[in-house]
Amino acid sequence: MTEHHTGQQAQPDEQVEGGLEALLLMAEEAMSSQALAEAVQQPVEVVERALASLVDFYDRTGRGFELRRIGGGWRYWTRAEHAELISAWVVSGQQNKLSQAALETLSVVAYLQPISRARISAVRGVNVDGVVRTLLNRGLLAENPPTEGGGAITFTTTEYFLERMGLAGLGELPPLAPHLPDASALEAELSQLAQTAEQEGPGQDAQGSTGGPQQRGEPVAEPTMDEESHDPERRP
């Protein structure tokens, strides 16, 4: 039995699935259900049903890839159990990995966004100008202008960050380690550190006089990437 939708004859789900697979294999970024529906000229509900069928089929048959809904769209993803095999196969020189410093900075923004550059520096204990520029250039961070009432420029993660992390939203980020202070306490401490840094000026270390991480005996991150070690604006 056939049904009609805006003048187009709806095809059986199994016929739609082949077209969806072809589109998703060629896609360079996640595709929304609406975009896929327009491409195959079928109702969104038919496409959603076909996508769910594909997800189930790949899971039942143990394929080396899976179909995920990430960043507001759909995309093929290799399964986690094959990560070690893939890592061994890819030539290390061709892997454009983020440095440890960039990963740390990205983590700070992900959990405390929106967050200013001064507060990121307070958390990491180093100047982060070079790292932030790198993350902006790679599309992992977005810069938000100050509000009308004034204030600092803040940074947030992007949809591309969610896509690269394989997350549907920030709510899927893993919980922070239990030994960390709660968000409100950490926010208060960061505000104090940022204000002290502005008052003392560029010649002093704000953390040395506020009872920050160094006085608690906690390790302070050292620069680990070229952006930090060669940044002309970084203070010794």
Side-chain angles (χ1 to χ4, degrees), residues 13-14 16-87 90 95-98 100 102-115 120 123 131-132 134-144 154-178 180 182-184 186-187:
D13 292 356
E14 58 271 15
V16 178
E17 291 174 8
L20 295 176
E21 286 180 317
L23 288 169
L24 290 168
L25 281 171
M26 296 298 296
E28 296 183 354
E29 58 185 19
M31 295 184 67
S32 67
S33 298
Q34 182 64 43
L36 289 168
E38 293 175 358
V40 298
Q41 298 183 345
Q42 294 297 312
V44 174
E45 57 268 23
V46 172
V47 169
E48 289 276 2
R49 194 163 58 239
L51 290 168
S53 176
L54 288 173
V55 170
D56 178 67
F57 174 73
Y58 299 146
D59 289 343
R60 285 188 294 102
T61 55
R63 292 293 194 265
F65 58 89
E66 59 185 328
L67 181 58
R68 289 189 194 175
R69 188 196 291 269
I70 56 173
W74 295 86
R75 193 170 191 182
Y76 284 118
W77 208 268
T78 56
R79 294 192 184 274
E81 56 263 34
H82 303 303
E84 188 173 333
L85 172 64
I86 295 172
S87 296
V90 176
Q95 294 183 7
N96 194 13
K97 293 181 177 179
L98 290 174
Q100 182 66 30
L103 290 172
E104 291 173 4
T105 301
L106 189 58
S107 298
V108 170
V109 177
Y111 282 99
L112 297 177
Q113 60 185 303
I115 183 172
I120 300 173
V123 173
V131 185
V132 168
T134 296
L135 295 173
L136 287 170
N137 290 336
R138 294 198 181 187
L140 296 168
L141 293 186
E143 185 177 85
N144 307 300
T154 58
F155 300 92
T156 55
T157 54
T158 62
E159 288 292 325
Y160 179 64
F161 164 79
L162 293 177
E163 181 179 332
R164 298 301 298 171
M165 293 294 293
L167 303 173
L170 294 174
E172 293 187 359
L173 284 169
L176 290 172
L180 293 177
D182 63 31
S184 59
L186 183 57
E187 180 69 12

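All residue numbers refer to positions in the sequence shown, counting from 1. All heavy atoms count here, side chains included; hydrogens, waters and symmetry mates do not.
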Task: Reported CG-to-OG1 distance for the pair Leu170 and Thr156, which is rounded to 0.5 angstrom - done: 9.0 Å

- [ ] For Leu135 and Phe155, run side chain to side chain contact (heavy atoms under 4.5 Å, CB included): C-alpha distance rounded to whole Å, both residues' side-chain angles, the deciding distance at 0.1 Å, then the answer.
- [x] CA-CA 10 Å; Leu135 295 173; Phe155 300 92; over 6 Å; no

Task: Distance in Å, Ile120 CD1 paired with Ser107 OG, rounded so as to fall on 0.5 Å steps - done: 11.5 Å

Task: Shortest non-hydrogen contact from Phe161 toward Ala110 - done: CZ-CB, 4.0 Å

Task: Pairwise distance CG(Asp56) to CG(Leu67) - rounded to 0.5 angstrom - done: 11.5 Å

- [ ] Taking all heavy atoms of Ala50 and all of Leu20, pick out the closest pair and write down the distance.
- [x] CB-CD1, 3.7 Å

Task: Inter-residue atom distance Thr78.OG1 - Arg63.CZ, 0.5 Å rounding - done: 15.5 Å

TODO: Working to the nearest 0.5 Å, report the span between CZ of Arg164 and OG1 of Thr157.
DONE: 14.5 Å

Task: Distance-minimising heavy-atom pair for Glu143 and Leu136 - done: N-CD2, 3.9 Å

TODO: Please check if atom CD in Glu84 has more than 12 non-hydrogen atoms from other residues, nucleotides or ligands closer than 6.0 Å.
DONE: no

Task: Ser33 versus Leu51, closest heavy-atom pair with distance - done: OG-CD1, 4.1 Å

- [ ] Kindly state each residue pair satisfying ring pair (Phe, Tyr, Trp, His ring centres under 6.0 Å) with at least one member in residues 42-63, sequence neighbours excluded.
- [x] Tyr58-Phe65, Tyr58-Tyr76

Open item on the list: Could you measure the distance from the CG atom of Leu98 to the OG1 atom of Thr105? Nearest 0.5 Å is fine.
Closed with: 10.0 Å

Task: Set of residues satisfying side-chain contact (heavy atoms from CB on, under 4.5 Å) with respect to Glu66, sequence neighbours excluded - done: Arg68, Trp77, Arg79

Open item on the list: Which residue in the set Glu172, Glu48, Glu163 passes salt bridge (charged side-chain N to carboxylate O under 4.0 Å, His left out) when paired with Arg69?
Closed with: Glu48

Open item on the list: If we check side-chain contact (heavy atoms from CB on, under 4.5 Å) with Leu106, which of these qualifies: Val131, Val132, Leu141?
Closed with: Leu141

Open item on the list: Contact between Tyr111 and Pro175 at the side-chain level, heavy atoms closer than 4.5 Å - yes or no?
Closed with: no

